[in-house]
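Here the structure is laid out as structure tokens; the discussion comes afterwards.
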Amino acid sequence: MSTATTATGGSPVLPDAPAAPVPSLTSVFVRLKLSLLRNGLRQSGGRTAAYIVSIVFGALFAAAIVLAFVLLRGNADADVVAFLLVGVLALSWTVMPLFIPSGDETLDPSRLVMLPLMPRPLIRALLVASLVGVGPVLTFVLALGAALSLAHGAAAVAVAVLAVPLTAVTCVALSRAVAAANVRLLTSRKGRDLALLSGLVIAVGMQFVNFGAQRLGQAGGLESLEPASAVVAWLPPAAAIGAVDSASQGDHAVAVARLLLTAASLVALLYWWQRSLVRLMVEPDGSTIGAAPDSREKSGTGRLGRLLPAGRTGTVMERTLRYVWRDPKTKAAWVTSLAIGLIVPLFNAFQGQGSIYFACFASGMLGMLMYNQFGQDNSAFWMVAQTISTPADAYAELRARALALLVITLPFTVLVTAATAAVLGDWSDFPEALGLALGLLGAMVGTGAVTTASFPYSIPQDSGYKNVVPGQGGLAWISIMGGMLAAALLCSPLIGATIYLHVSDGHSLLWLLLPAGTLYGAVLLYAGLRLAAPRTAARLPEILTAVSKG
């Protein structure tokens with residue numbers, strides 16, 4: 001066997017060994033995704049069982065949807081159902097990463113920051129790996145069912161072969177682009193706040209679905225949705241399914257245009273995704289940049305503090321309002337009360353079944369925010385307790401908290417009452433309804449101050465779903481139900497006066513209920529604060545113990 005030598009006749013040089021084939025980045029990411037899923041399922045039998053059950057139910061659901069679409073073939077409303085279903089599917093993929101930020105930790109792009117990866121191969125690998133999972137497969141099956149209900153003829157079938165995978169890939173790319181653009185938000189405290197509010201958004205969304213279903217039933221069928229479906233059929237990725245319908249009708253030019261529109265949107269999403277990844281991997285974030293000195297820290301107050309009164313009142317109001325913005329539990333309670341307080345009267349008004357007095361529902365929801373004020377402080381209440389030594393101190397603390405609540409609830413109550421009157425066209429009853437709403441608000445805030453001092457309980461901070469620590473459920477029920485019952489009884493004079501003026505034909509005097517209700521609510525609020533102040537000062541150690549258990 002001959003060997004090669006160097007040019008100077010020195011030691012032999014061995015021939016170069018063949019280089020090992022380098023696997024593609026896409027195959028590496030797909031194998032990584034499968035390995036992480038497999039290893040995650042091995043951690044516990046319960047997790048494996050849950051995953052298997054989700055696959056089974058997902059398969060049954062997909063089969064039922066496909067069967068329903070097959071049965072819709074030839075129906076005049078098949079296109080309406082198909083377009084709107086794909087549109088809702090795309091919307092779900094869009095908002096899913098915002099409300100479930102940890103839904104797929106295996107594809108978190110922030111974990112790849114330190115790796116020497118080029119943007120385009122990385123996007124391709126992430127996109128293919130994103131298609132591995134129950135969600136993308138279910139999306140593909142639903143898109144297939146929508147295409148089956150609309151495909152008639154060879155041309156439509158050929159378009160469907162392109163449209164179905166294009167729809168699924170566009171949905172996944174849309175989700176990943178949104179997640180990459182908001183990855184720093186979703187991994188921050190505000191992102192956790194957003195996830196905490198996802199249940200509220202779902203509940204509010206169900207109200208919209210219920211309202212839409214009722215309106216649909218009154219309209220007499222799916223024909224009323226045809227204008228909406230015609231618009232959705234031109235919005236990617238539903239436009240790809242719209243191309244199948246156009247090909248079935250012989251509009252080949254329109255079919256090609258819709259396919260090209262969806263393909264162009266996919267390219268735009270991939271470009272947006274790539275730009276977001278480059279920015280994420282190149283630009284520093286707050287964890288790598290030293291905090292700049294804040295001029296507000298030097299002055300001891302921010303813009304909010306400069307708008308509030310001086311002294312203890314302004315300090316407590318600022319602290320309370322900052323809880324509303326920064327504390328996840330407090331923020332969730334506020335947003336829930338504001339949303340439901342607006343939705344209930346307006347939805348009933350839109351359906352023609354409501355009354356302007358439904359605006360009092362907003363007062364009740366907002367007034368409940370005064371209940372258990374000390375519980376939202378949790379263990380930090382000991383700092384507040386150090387500043388309370390007399391009933392006067394307790395009164396100042398409770399009064400400032402009530403004022404902070406009224407800064408938002410008073411204008412909101414007026415807004416909800418005016419909006420309900422505008423929808424119903426019942427401006428003649430606006431003064432009396434607003435008077436009742438303001439009277440109820442004052443009664444709720446006043447009784448809330450008393451229950452805050454009498455029945456305090458702790459709000460757990462380690463759970464996004466529990467609002468009372470174990471063992472204090474009875475205190476919470478007594479506080480809420482007892483306070484609401486007391487507020488209703490306190491408002492009975494206003495309610496009685498309203499009924500009497502209506503029965504006795506004293507309609508010309510009903511406007512007096514506005515100033516009377518406002519004054520009566522202010523009196524009840526003042527009385528509640530005065531009653532709660534000495535109770536708070538006397539029971540301060542018990543309150544501190546009760547609210548610090550979470």
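Remember, it's a predicted structure, so these values are computed and weren't measured experimentally.
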Would you mind reporting whether [Y] and [X] have side-chain heavy atoms less than 4.5 Å apart?
{"X": "I408", "Y": "W334", "result": "yes"}
{"X": "T536", "Y": "F374", "result": "yes"}
{"X": "V445", "Y": "L405", "result": "yes"}
{"X": "L544", "Y": "L540", "result": "no"}
{"X": "L89", "Y": "T139", "result": "yes"}

Closest heavy-atom pair and its distance - [X], [Y]:
{"X": "G528", "Y": "V450", "result": "O-CG2, 3.6 Å"}
{"X": "A333", "Y": "L369", "result": "O-CD2, 3.8 Å"}
{"X": "A453", "Y": "A532", "result": "CB-O, 3.9 Å"}
{"X": "V86", "Y": "A238", "result": "CG1-CA, 3.7 Å"}
{"X": "T447", "Y": "A486", "result": "CG2-CB, 4.1 Å"}
{"X": "S130", "Y": "W273", "result": "OG-CH2, 4.4 Å"}

When you measure from the side chain of S492 to the backbone N and O of L489, does any donor-acceptor pair fall under 3.5 Å? yes

Euclidean distance, [Y] [atom2] relative to [X] [atom1], rounded to 0.5 Å:
{"X": "T518", "Y": "L514", "atom1": "OG1", "atom2": "CG", "result": "4.5 Å"}
{"X": "L441", "Y": "L434", "atom1": "CG", "atom2": "CG", "result": "10.5 Å"}
{"X": "Y371", "Y": "M484", "atom1": "OH", "atom2": "CE", "result": "7.0 Å"}
{"X": "L529", "Y": "L398", "atom1": "CG", "atom2": "CG", "result": "6.0 Å"}
{"X": "S458", "Y": "N372", "atom1": "OG", "atom2": "CG", "result": "8.5 Å"}
{"X": "S229", "Y": "L85", "atom1": "OG", "atom2": "CG", "result": "12.5 Å"}

Once side chain to side chain contact (heavy atoms under 4.5 Å, CB included) is applied, do any residues pair with [X], and if so which ones, sequence neighbours excluded?
{"X": "L60", "answer": "V56"}
{"X": "A400", "answer": "T313, V316, M317"}
{"X": "P391", "answer": "P534, A537"}
{"X": "A90", "answer": "C171, P237"}

Which pairs of donor and acceptor atoms, one on a side chain in residues 359-368, lie under 3.5 Å apart (sequence neighbours left out)?
from : atom 1 : to   : atom 2 : distance (Å)
S363 : OG     : A437 : O      : 2.9

What salt bridge (charged side-chain N to carboxylate O under 4.0 Å, His left out) pairs are there with at least one residue in residues 399-420, not counting sequence neighbours? D377-R401, E397-R401

Got a sec, which pairs hit side chain to side chain donor-acceptor pair (under 3.5 Å) with one end in residues 413-431, sequence neighbours left out? D426-S428

Show me the donor-acceptor pairs, under 3.5 Å and distance only, between side chains in residues 381-389 and residues at least two apart or in other chains.
from : atom 1 : to   : atom 2 : distance (Å)
Q386 : NE2    : W382 : O      : 3.4
T387 : OG1    : R312 : NH2    : 3.1
T387 : OG1    : V384 : O      : 2.6
S389 : OG     : D393 : OD2    : 3.0

Listed by chain and number, what are the side chain to side chain donor-acceptor pair (under 3.5 Å) partners of Y395, not counting sequence neighbours? none

Under the rule for side chain to side chain donor-acceptor pair (under 3.5 Å), what residues qualify as partners of T409, not counting sequence neighbours? none

I'd like to know whether V178 forms a side-chain contact (heavy atoms from CB on, under 4.5 Å) with W93, so could you lay out the CA-CA distance, the side-chain angles of the two residues, the decisive distance to 0.1 Å, and finally the verdict. CA-CA 9 Å; V178 172; W93 276 99; over 6 Å; no

As a quick check of understanding, evaluate side-chain contact (heavy atoms from CB on, under 4.5 Å) for F455 and I480, giving each step before the final call. CA-CA 9 Å; F455 307 104; I480 297 173; over 6 Å; no

Inter- and intrachain pairs under ring pair (Phe, Tyr, Trp, His ring centres under 6.0 Å), touching residues 501-545, at least two apart: H502-H507

Would L410 and L438 satisfy side-chain contact (heavy atoms from CB on, under 4.5 Å), going step by step from the backbone distance to the final call? CA-CA 8 Å; L410 268 179; L438 294 179; 3.6 Å; yes

Pick one: which of L513, L512, D505 meets side-chain contact (heavy atoms from CB on, under 4.5 Å) with L509? L512

Could you walk me through whether L406 and L525 pass the side-chain contact (heavy atoms from CB on, under 4.5 Å) test, one step at a time? CA-CA 11 Å; L406 293 175; L525 172 58; 3.7 Å; yes

For R535, does the CZ atom sit with more than 12 other heavy atoms under 6.0 Å from it, leaving out its own atoms? no

